[in-house]
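Reviewing the structure listed below.
Labels below follow one simple rule: chain letters A, B, ... track the order of the sequence lines, proteins then strands, and each chain is numbered from 1. These numbers come from the heavy atoms of this one structure, side chains and all, not from hydrogens, waters or symmetry mates. A quick note: this is a predicted structure, and the numbers were derived from the prediction, not measured.
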Amino acid sequence: MEIVFVLLDDLAFLIGVTLLYSSPLIFTGLGGVVTESTGVVNIGLEGMMTLGAFAAASVAYYTADPWLGFLAGGVAGGLLALLHALATVRFGADHIISGIAVNFLGPGLALFVSRLIFNGATQTLTVPNKIPKLFDGVFPSKSFFDLILKQDATVYIALVLVVVVWFVLYRTVLGLRLRSVGEHPLAADTLGLSVERLKTYGVVASGVLAGWGGAAMSIAVVARFSPGLISGQGFIALAAMIFGKWTPHGTLAACLFFGLAKGLEVYLGTRFPIPGTLLAMLPYILTILVLVGFVGKARPPRAVGQPFLKERHS
Amino acid sequence: MRKLPPLALTGLSLLAGLIVGALALLAAGYNPFAAYATLIAGVFHAPRDWSFVLIRSTPLVLTGLSVAFAFRTGLFNIGAEGQYIMGALGATLFGVFVPLPAVLHIPLTMLAGILCGAAWGAVAGILKSRWGINEVISTIMLNWIALYINNSVVSVEGFRRPHSEASLQILDSARIDWLGAWKTTPEGLAFRESQPLLNDILRTPANAGILVAIVAVILVAFLLEKTVLGYRLRAVGFNKDAAAFSGIAVPRYVVISMALAGALAGLAGGLQVQGVSREVAKLAAMEGNGFDGIAVALIGFSQPWGVFGAALFYGVLKHGGPKLQPALGIPMEIIQIIMGSVIFFLALPGIWQTLANTWRSWRGNRVRSSR
Amino acid sequence: AQQGDSSAVKIAMVTDVGGVNDQSFNQGAWEGLQRAQLELGIKASYVESNQDADYVPNLQSLMDAKNQLIWGIGFKMGQAIYEAAKNNPDYKFAIIDFAYDNTPANLIGVVFKAEEASFLVGYIAGKMTKTGTVGFVGGIKGNVIDGFDYGYHAGVNFANRQVKILRQYAESFTDAAKGKVITLEMYRQGADIVYHAAGGVGDGVIEAARESNRWAIGVDRDQNYLAPDNVLTSAMKRVDNAIYNIAKELVEGRWPGGKTIVYGLKEGGVDIAPSTSKHVPVNILAEVEELKKKIMAGEIVVPYNEASYNDWLAKLK
Amino acid sequence: MADSPALELKGFTKTFGSLVANDNIDLEIRAGEVHALLGENGAGKTTLMNCAYGVYQPDRGTIYRLGKQVTVRSPADALAQGIGMVHQHFMLVDRFTVAENLVLGQEPRRHGVLLDRRKAEEAVLDLGERYGLRVDPRAVIEDLSVGAQQKVEILKALYRGAEILILDEPTAVLTPQEIHDLGKIIRQLCGDGKSVILITHKLKEILSFADRCTVIRKGVKVATLEVSQTDQDELASMMVGRKVQWHLERREFQPGSVVLRVEELWARDYRGLEALKGLSFEVRAGEILAVAGVEGNGQTELLDILCGLKAPTGGRISIDGQPIERPDPGKLRELGFNAIPEDRQRKGLVLEFQVGENLVLDSVHVPPFSQRGLLNLQAIRENAARNIEGYDIRPPNPVALASALSGGNQQKVVIARALANQPRLIVAAQPTRGLDVGAIEFVHRALLNQRDAGCAILLVSFELDEVLELADRILVLYEGRSQGVFDRAEATEDVLGRAMAGAAHA
Ligand SMILES: Nc1ncnc2c1ncn2[C@@H]1O[C@H](COP(=O)(O)OP(=O)(O)OP(=O)(O)O)[C@@H](O)[C@H]1O
Ligand SMILES: Nc1ncnc2c1ncn2[C@@H]1O[C@H](COP(=O)(O)OP(=O)(O)OP(=O)(O)O)[C@@H](O)[C@H]1O
Ligand SMILES: [Mg+2]
Ligand SMILES: [Mg+2]
């Protein structure tokens, strides 16, 4: 009986940790889904996430309001994405090149501005108020439900956004149009839809989401921005989106899987004498193994990555 | 509407990137002219600075080539980072544990780096051709795995240098820095005394890596343009279906391509060890060699010599950048902003065309109205 | 750039990849240099490194700027500084956190007895734990971190043999989320005080303490400001003192080159944070003061790695 | 205004760089008529219609709708004017359902933002009922046959209230049965008062569907004719500027040894359904064996297997007695196999390669194009020059990128490559799809020449005319099985048509 309680408790802990780890990835991964649904590859998610994390932390620091910070994270990510949209959608730039540029600009700007407003430091100071937790104090501390449900509000926002993105993409007129420009922009164009505008929506939304992903890191998981905070999570989110076969629910599953693997890493590490470096590899190896197991090949939106330029004549 | 030639495009983009950098500096209250003057002075100050630029450019040339090569064959190698790590590790192991005369030790150590990088690249290739796993995912994962492998291996007693977080140093016979160990012996120091210019260069870890990198550029250019293998790799890159239809074994070529890309990145890691660091250390985070390679490949239009030029450019920025802070108090992140802007403008051939057209029509209007 | 008279002694430092305002030991080092500038009239400057490959050229550019003494901050620069010293006998070099077997005359290695400060915070933890379990979160295992790790273990044990110590390495110095999760898990396993020596990972450790309303112990600097109610104490490494002291000796014409200087409690190189008195009861503080004296007097020799720790344990029995 | 034309284009000129694709073209479309546009590949038909539909902006030209000048700057404008277009390459979102494709851009909504699927589906059914265009509204486009997809395209135009329907080469990819159906649909639309502009290379269709026909040559309008007062020969010579030979001379049938032997071949399609069910046949040197049949009866699988791109689930294949154990296009080439793929852009060409490079795609590894792994650029260039000359590939520039060629010329590159090096066996799939009559004549002659030179040729075609023109023997494929092999002499359209519909061989 005792052991069952321990196991239940461990399970709850693992679920809780999985959510903690995966929420920034879910935001950003959803961003990936949205942008690629409209046919624009956004490898700059990492940069948008970093800038978003910084903007969120610094605004939250100066205003003492985490929600303003959260908003700022989205705005910062969105602005950077607007640049990406301008390049890829308006000027037909190669998506990868522009995305890589964003990955230089995002962190570059974040650190540059940080130095200017935080007295030469590349990390912000601790924010006075973080994103609040939901179900805080509702259940007895460290009880089963407390471990699972007492989470940063961003975790819940991320989960809700999965549903929202799914609903918008698959149930609304806007979603149909967004997806159509990712699949066959010329077809959408010949039906009188503005491909440029729709793609821009998708890209900017992805930036907002990635910015929120960063904010979820800098003002919910921890309480300040530092240069190494995002290191690679944007890319992991990108991988999760591919792993999740370009769908919101698939991406959610992939992010949760990855978060679980990271949680297991800690769980096992505190219990068994396994070398830390081996454990640290675990999430990455597991991902590859699972992909090998899932033989089914994912199909990206058909026109993803292709520039769409209407014939322009002077 | 004439199309802009790539060189003009690159030139304009560099200029525009520098202008954006200047604007950022202005906005932050710094003097951009002073900044660029410092940057240029910092790079052309003394022979040792040229030497440093070359030293910094060497791994960039190779990781850039790695990414560019993969691009040319239709693959996106985000994994140069991991391949570099594996190459450095392999070269170090060989350089430390296999005593050989220099004539053999130098090339074989390089080969060890190449092979380790190639193997790591091939893993992604196999995952793609055998299980259809997108190389973008697999290489992202393999980068992290490589990092942790490196850290595990470096901590193994017997390989770890006592009292340090780094490995043992490679034997002198595997080193490729010019006059390697000799230059700090009394005779070496005496000789350098008499040769001011050479001495200045020898203060830096000047090494043969850049020559190897140039050879690699030539080989890759030759491979891509002049050989059946290169032709077929490119064909697979552009159109897998057509390549398969014409009798090219596509899966094999995917593996070959990733392995060769990995070999180049692995060579980068190996040369860095042989020429500069002589050891590998535990890595607390990704160093960014592979990601820099992506930037270099893109700036160089994935053309071997373009990559070479782009690597030199980046090398200049990387060497000049840290001098901004001590001289003018400018955060060195400005370099990242400049790099990002340059790449961004390179991605925008359309904007130059539009500008050119606007200019022409504007001029046209003026001419007309003045009549 | 500061205007100093041209005869001023020029001293500069190369940061490691954290940058100068890392709110950790790079920052401490820079504060030491600035103090020396203010009080000793030297001329101070720094260059930051972005990646390991920057070390060598950064050292070179500081030589170009005619600095007499050049500091490398952090063990990762060990090799680069050594080569520079050998290649440039006209310049003086010094490094934080690195000891050489054969130190050239123009080079100084400075190491800190982090174990001594860790011992003290460990002692506080051992005394103050209510659950009988405490934790340690390391960044990446290695010589330097071993000092923190085993010094802390020894301190806890010294305070109370019964206390259980959880230990986990994050395999990173930046992964704050992982620091948080590890710490949460340690709290769940009953720990109520967790000490970290893990750089940016520590942000997560302290965050976990704040959220769970438990204790964390900071490192390198007084980290109490990060979570005033939850950072119990910090094991400080007074890099600033070391840098200041050596600058002083240089200015006064004494250059203690060619050796490794060890900075312990006695030399003012390590200590516990001033903020400790906020949360730690006076009686324990008094005991800590006693311990400090014993350590300074050499009566207690704090272990700094696995082997010395095992010896220590054996003796304790 | 009752007798104003439904649509009138006046003075349309459109240039691409230095190329004048349309040169001052006038076109008048009456209400209720079927107006055919005829012209060689690259004559400018598609360009003209793209201008009318607002995809391109003409350099000059005005559009009148029922006598009133209108501006069409985008497809949306065109749709608003009641002009609809079914493009040569379908503008359908493959992964959307029929209903979703139908309403895209003008969606029925619920609560202002939600897509009303039920209404969309009803629209498909209603319109389908009215014009005899029945399609399952919930079917996903990529699961539909080309014919069904075309119906969706027409429905899309009708849904948007098109009064004038432009069909760009609608029949190039249809089976005879589907073409027949399309004819009925077109007539029904005209009966409803709508006008149809039909672009096609098939003169027979013009004669049977169209009321009037405008011929364009090299961007210039040649004439507009009443179809009832003309014939195939006149149309063809107007179009290509010379007389077209309808029937090519062929040497007497002298079959040699068996080159390709296929025994009991079984295969599944991509959905896992049986697509080939024990198919057996042989092709001998010096003969053309045509596989006739309606699309989707196993042709794709047969071709993929023969080309070494897919493994059969059962059966044996041998070339010159050499068994082919597993899919390996490389080995097939060594045995003297060559092929013209169904889809030239996907499987035939590397569009980013130069013409010269494309011409050696399958033979680059052998001399003279390479020695010891090194390319012989000289030999590749010479080969290109030879083929460009021999196959009249335009523009005659060996370093032009394949993507810069028109479809017809791209096809010539593929064919030139397939016929090089005296192959033992050629598998030709739809070799003339989308080509104009002049080009068809050329390709047919080339294939016959190979046959006469002793090559074994397997022709897979959905065009009965082509099959009857070229084949020595004809195998009719139906549901993955052979419905019998007919000699050239006994095969008539009637006989084959019945076999293709599944009636057993009498
Ligand atoms: N967007 C374009 N840019 C440049 N040239 C073009 C473009 N579209 C068409 N052309 C050229 O204009 C000419 C007319 O092309 P168009 O597609 O109208 O021919 P077509 O009559 O439809 O031929 P086909 O029977 O092959 O469909 C061709 O030479 C073609 O190469
Ligand atoms: N946007 C464009 N820019 C440049 N060239 C174009 C463009 N669109 C089409 N072309 C060129 O126009 C030519 C004809 O295009 P089109 O699609 O009409 O050919 P096609 O109808 O497939 O040819 P065919 O009827 O001969 O099979 C090709 O050379 C194509 O590359
Ligand atoms: Mg056409
Ligand atoms: Mg055509």
Side-chain angles (χ1 to χ4, degrees), chain A residues 43 47 83 86-88 90-116 120 122 228 231-232 235-236 238-240 242-243 275-281 283-285 287-288 291-298 300 307 309 312 314, chain B residues 1 20 24 28-29 71 76 78 123 127 130-134 136-138 140-145 147-153 155 284-286 291 294-295 297-299 329-351 353-354 357-358 360-361:
Chain A
I43 201 142
L83 215 60
L86 193 73
T88 54
R90 180 75 179 75
F91 289 105
D94 183 287
H95 299 186
I96 304 274
I97 304 186
S98 171
I100 294 289
V102 165
N103 280 340
F104 272 84
L105 288 174
L109 278 172
L111 300 191
F112 189 82
V113 176
S114 173
R115 297 231 197 219
L116 297 179
T122 51
S231 57
F235 285 101
I236 297 283
L238 195 75
I242 299 174
F243 192 178
T277 43
L278 283 186
L279 278 173
M281 285 181 221
Y284 309 100
I285 293 177
T287 303
I288 290 181
L291 281 169
V292 167
F294 270 72
V295 188
K297 229 179 176 174
L309 279 187
R312 267 181 230 287
S314 36
Chain B
M1 263 198 284
V20 170
F71 266 139
F76 187 17
I78 300 192
V123 171
L127 285 170
R130 177 81 176 73
W131 289 285
I133 299 176
N134 188 310
V136 171
I137 306 192
S138 62
I140 288 172
M141 302 296 149
L142 287 168
N143 284 344
W144 288 101
I145 298 173
L147 182 134
Y148 292 118
I149 288 180
N150 174 76
N151 288 4
S152 321
V153 175
S155 1
M286 296 289 174
F291 295 102
I294 298 177
L298 296 176
I299 296 182
I330 296 173
M332 66 177 163
E333 281 77 21
I334 192 67
I335 297 302
Q336 259 172 292
I337 295 179
I338 293 174
M339 271 306 276
S341 309
V342 170
I343 299 171
F344 194 71
F345 284 111
L346 276 173
L348 289 179
I351 206 169
Q353 210 70 62
T354 311
N357 294 344
T358 318
R360 264 183 228 132
S361 68

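With sequence neighbours excluded, the residues that form a side-chain contact (heavy atoms from CB on, under 4.5 Å) with Q336(B) are F104(A), P107(A), E333(B). Here A87(A) pairs with A93(A), S98(A), F344(B), L348(B) under the side-chain contact (heavy atoms from CB on, under 4.5 Å) rule; sequence neighbours left out.
With contacts defined as side-chain heavy-atom distances shorter than 4.5 Å, the pair I43(A)/F76(B) qualifies. You'll find the side chain of I285(A) stays beyond 4.5 Å of the side chain of M141(B), heavy atoms only. Using a 4.5 Å heavy-atom threshold, the side chains of I145(B) and I288(A) count as touching.
The shortest heavy-atom contact between G340(B) and A101(A) is O-CB, 3.3 Å. I337(B) approaches L105(A) most closely through the heavy-atom pair O-CD2, 3.5 Å. A pairwise comparison of heavy atoms in I137(B) and A239(A) identifies CD1-O, 3.6 Å as the closest pair. The shortest heavy-atom contact between L116(A) and A28(B) is CD1-CB, 3.4 Å. The heavy-atom pair separating I96(A) from L298(B) by the smallest distance is O-CD1, 4.3 Å.
Residue S155(B) does not touch chain A at all, counting heavy-atom pairs closer than 4.5 Å. In this structure, chain A has a heavy atom under 4.5 Å from the side chain of I78(B), while its backbone stays farther away. Contacts of N151(B) with chain A are made by both backbone and side-chain atoms, with heavy-atom separations under 4.5 Å. Interface remark: F71(B) contributes side-chain atoms only to the contact with chain A (heavy atom separation under 4.5 Å). Heavy atoms of A285(B) lying under 4.5 Å from chain A are absent altogether.
With values rounded to the nearest 0.5 angstrom, L111(A) atom CG is found 12.0 Å from I334(B) atom CD1. Atom CG in L346(B) sits 7.0 Å away from atom CD1 in I97(A) (nearest 0.5 Å). Taking CD1 of I343(B) as the reference point, atom CD1 of I100(A) lies at 7.0 Å (rounded to 0.5 Å).
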Chi angles and distances behind the side chain to side chain contact (heavy atoms under 4.5 Å, CB included) call for F291(B), N103(A):
CA-CA 10 Å; F291(B) 295 102; N103(A) 280 340; over 6 Å; no

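Between Y284(A) and W144(B), the ring planes lie parallel to each other; the angle is under 30°, not in the 30° to 60° tilted range.
Options G108(A), G106(A), G47(A) differ in how many heavy-atom pairs under 4.5 Å they form with chain B, and the most are formed by G108(A). Contact tally against chain A (heavy-atom pairs below 4.5 Å) for S152(B), A24(B), A295(B): the top residue is S152(B).
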